[in-house]
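Each remark here refers to the structure printed beneath this line.
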2 protein chains.
Amino acid sequence: MSRYYFSMQNLDSIGTQIRKLREETEMPLRKLAALLDIDQSTLSKIERDERRANTQIIDQIAKIFKADKEMLLIAFYSDVVAYEIREEKTFSEILQVAEAKIEYQRTIKKNVK
Amino acid sequence: MSRYYFSMQNLDSIGTQIRKLREETEMPLRKLAALLDIDQSTLSKIERDERRANTQIIDQIAKIFKADKEMLLIAFYSDVVAYEIREEKTFSEILQVAEAKIEYQRTIKKNVK
DNA sequence: ATAAATTTGGACATTATTTGTCAAGATATT
DNA sequence: AATATCTTGACAAATAATGTCCAAATTTAT
């Protein structure tokens, strides 16, 4: 159902979600960093939202913990978006217009094909 | 009324909006660039969405053309956001979660004060 | 309580991205 | 055709992101 993520939405940052997945399986940060082929200090910072993850890491995390990749990507991108406009009092309007723009751009693309 | 921007929403990019404002007053690009203290080639690129504007430029544009600064800022930020997630099929969920996160972060801030 | 394992913080070099600037080419206007 | 306007691409400089290391701090196990 299309409102699944809306009703079940998880407001944890992507970093917190990664940390929770890792801790649920009692995997040391050091080991997960090795699996992801990144420095452990980098992973530490990602889990505490001091550094950005990226989609490649999200992808691997989903596989390693058999987690819902789409949900993780939503967490990741919503962090990025929220960070960008968090200080704007019109954040809600900004998001509405952004959505309309994306939809609009897609209808154009379809008609061009 | 709070849904003003929603119903009146302008889906032109910030670049297009700047160009329209400039052309309405028949001001040469060269001259506007001088007022903004940027290179004319940079302004040309901003108007065609090849380079990003910034809030300082938006601010000056609003003053120069006596335009609605808030509307321009919405156009600017919505461009940024739309660009970031335009390829994601879950863009709508991403925006919903981003909004919820910002609201959530603000309630926290208020309670901490 | 101490040792061992784990996580964090900060410095630094490397790489990538953004920004400013210029000059020549293209387009439009007079 | 000359002039004014705008666009394009190249390049350097500034800024930001990323990778890497290691020591300090914290947590866990013995």
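So that the names make sense, note that chain A is the first sequence line, chain B the second, and so on, each numbered from 1.
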* To do: Report the C-alpha separation of A:Phe65 and A:Glu24 in whole Å, then their side-chain angles, then the decisive distance to 0.1 Å, and conclude whether the side chain to side chain contact (heavy atoms under 4.5 Å, CB included) test is met.
  => CA-CA 10 Å; A:Phe65 298 112; A:Glu24 277 167 12; over 6 Å; no
* Asked: So A:Glu103 and B:Phe91, side chain to side chain contact (heavy atoms under 4.5 Å, CB included) or not? Walk me through it.
  -> CA-CA 10 Å; A:Glu103 280 164 357; B:Phe91 71 94; 3.8 Å; yes
* Asked: Going by atom types alone, do A:Ser13 and A:Asp79 pair a side-chain donor with an acceptor below 3.5 Å?
  ->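 No, no side-chain donor-acceptor pair sits under 3.5 Å.
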* Examine the side chains of A:Glu70 and B:Thr90 and answer whether a donor and an acceptor come within less than 3.5 Å of each other. =>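 The answer is no; no qualifying pair exists.
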* Listed in order of residue number, which residues of residues 14-29 of chain B have a non-hydrogen atom at under 4.0 Å from DNA chain C? ->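 The stretch gives none, as no residue of it lies under 4.0 Å from the strand.
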* **Over 12 foreign heavy atoms within 6.0 Å of OH, B:Tyr83** =>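 For B:Tyr83, atom OH is not crowded (no more than 12 foreign heavy atoms under 6.0 Å).
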* Asked: Just wondering, are more than 12 heavy atoms of other shown residues or ligands nearer than 6.0 Å to CD in A:Gln56?
  ->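 No, CD of A:Gln56 has 12 or fewer neighbouring heavy atoms, counting only those of other groups under 6.0 Å.
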* Any side-chain heavy-atom pair of B:Arg52 and B:Val80 under 4.5 Å ->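 Yes; the side chains approach each other to less than 4.5 Å.
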* For DNA chain D, find the residues of residues 31-59 of chain A with a heavy-atom distance under 4.0 Å and give them by number; none if there aren't any. =>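 Residues of residues 31-59 of chain A that come under 4.0 Å of DNA chain D are, in numerical order, A:Asp39, A:Ser41, A:Thr42, A:Arg51.
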* To do: State whether the side chain of B:Ser78 and the backbone N or O of B:Ile74 hold a donor-acceptor pair below 3.5 Å, judged by distance alone.
  =>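 Yes.
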* Working for side-chain hydrogen bond (donor to acceptor under 3.5 Å, both in side chains), residues B:Glu84 and A:Tyr77 -> CA-CA 8 Å; B:Glu84 204 111 46; A:Tyr77 283 112; over 6 Å; no
* Span of DNA chain D, from the first to the last nucleotide whose atoms fall under 4.0 Å of chain A heavy atoms ->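 First-to-last contact on DNA chain D, by the 4.0 Å heavy-atom rule, is D:dT18 to D:dC21.
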* Should the pair B:Arg19-B:Glu47 be classified as a salt bridge under the 4.0 Å nitrogen-to-oxygen rule? ->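 Salt bridge: yes.
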